[in-house]
Amino acid sequence: MRMLLSLALAALVPGFALADEAMCEYRHPDRPSWDFFAACEIEETSRNGVATLEANVANGSRFTIEDPSGADGLAAVSVNGLAATRLAREDARCYLTETEGELVCIHPQGSVASTTAPPEPSPAPAASDTGFGGGQRGFCLLAARKDGVETLVEYGACTRRENCLASDTGGLTCLTDFNWTSGRLTEMARADDWRTLDGATVDIDDKGCFNDAPGGLRFCFSQDAMTAAEHPVLATASP
């Protein structure tokens, strides 16, 4: 089955060499911290002339492209459900979302990121966080501690997006955005021997939460909804 998928993709993008592995590029005009060029795995299926490409990126991002290149013209191109335009590129298969101006490209395996900026897309409305940039959906918790008493600052759904770069010494430096559905943004940076949260040095507790002791803050992320049994501070939230 994978070989059949690879054959379909190879026929559409020169240089894929019948492989499921590729390089995925993502660029957001208003969120440069979300941009990445990373290894990914592509699976493609076709039905009624509409190709569906599902990309799983090494950094945790995912996206699905619906491309009716062989259909009767009634179907529309979309990326993660957002209307998109297919771009004319010989070196990659690229799409531009119409409302957000996000660029998504699938490059052949072994490609390297371009050192030049991509063409400027047409102006788009101000971006709203649709969660398209991939990442991992879950729940975020932020609590404050003063005089030994912890109070809940906020708890709710959020999306984690992480981009990592390898250093010359082989280590990784990663930048992570936690985008809350409420509009709050929590940012983390980390390397092998340090970690910061919104610019403050933090340590990790036995629950996997991040503690800014001097600032009296605790931040947690979980793919599953958190409970008061695990985090008693949730019991203090107003009904």
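Keep in mind the model is a prediction, meaning the values are calculated, not measured.
Closest of all the heavy-atom pairs between P29 and G101 is CD-O, 3.2 Å. Taking each heavy atom of V104 and V79 in turn, the nearest pair found is CG2-CG1, 4.2 Å. Of all the heavy atoms in E230 and M226, the pair that sits closest is OE1-CA, 3.9 Å.
No side-chain donor-acceptor contact under 3.5 Å links K146 to the backbone of G216. In this structure, the side chain of D205 engages the main chain of C209 through a donor-acceptor pair within 3.5 Å.
Side-chain contact between L53 and T64: absent, with no pair of heavy atoms (C-beta onward) separated by less than 4.5 Å. When side chains are defined from C-beta on, C220 counts as touching H231, because their heavy atoms get closer than 4.5 Å. Side-chain contact check for L234 versus L152: some heavy-atom pair is nearer than 4.5 Å. Proximity of M23 to Q109: side-chain heavy atoms (C-beta onward) are nowhere separated by under 4.5 Å. With contacts defined as side-chain heavy-atom distances shorter than 4.5 Å, the pair E98/T85 qualifies.
Classified by interplanar angle (parallel below 30°, tilted 30° to 60°, perpendicular above 60°), the ring pair F221/F178 is tilted. The aromatic rings of Y26 and F36 lie parallel to each other, their planes meeting at an angle below 30°, with 60° marking the opposite boundary.
The CD atom of E150 sits 4.0 Å away from atom CZ of R218, with the distance rounded to the nearest 0.5 Å.
E102 has no carboxylate O lying under 4.0 Å from a charged side-chain N of R27, or vice versa, which leaves the two without a salt bridge. Looking at D67 and R93, a side-chain N of the basic residue comes within less than 4.0 Å of a carboxylate O on the acidic one, giving a salt bridge. For R62 and E54, the salt-bridge test fails: no basic side-chain N is under 4.0 Å from an acidic carboxylate O. Salt-bridge formation is detected for the pair R89/D91: a Lys NZ or Arg NE/NH1/NH2 atom is positioned less than 4.0 Å from an Asp or Glu carboxylate oxygen.
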Run the side chain to side chain contact (heavy atoms under 4.5 Å, CB included) check on D177 and W34 step by step: do they pass? CA-CA 8 Å; D177 286 348; W34 292 6; 3.3 Å; yes

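With 3.5 Å as the limit, one finds no donor-acceptor pair spanning the side chains of T176 and E187. With no hydrogens or angles considered, a side-chain donor-acceptor pair links T52 and E66 at under 3.5 Å. Judged by distance alone, the side chains of D224 and S222 never bring a donor and an acceptor atom under 3.5 Å apart. Under the 3.5 Å distance criterion, with hydrogens and angles disregarded, a donor-acceptor pair is assigned to the side chains of T186 and W180.
Under the side chain to side chain donor-acceptor pair (under 3.5 Å) criterion, D35 pairs with no residue at all, not counting sequence neighbours.
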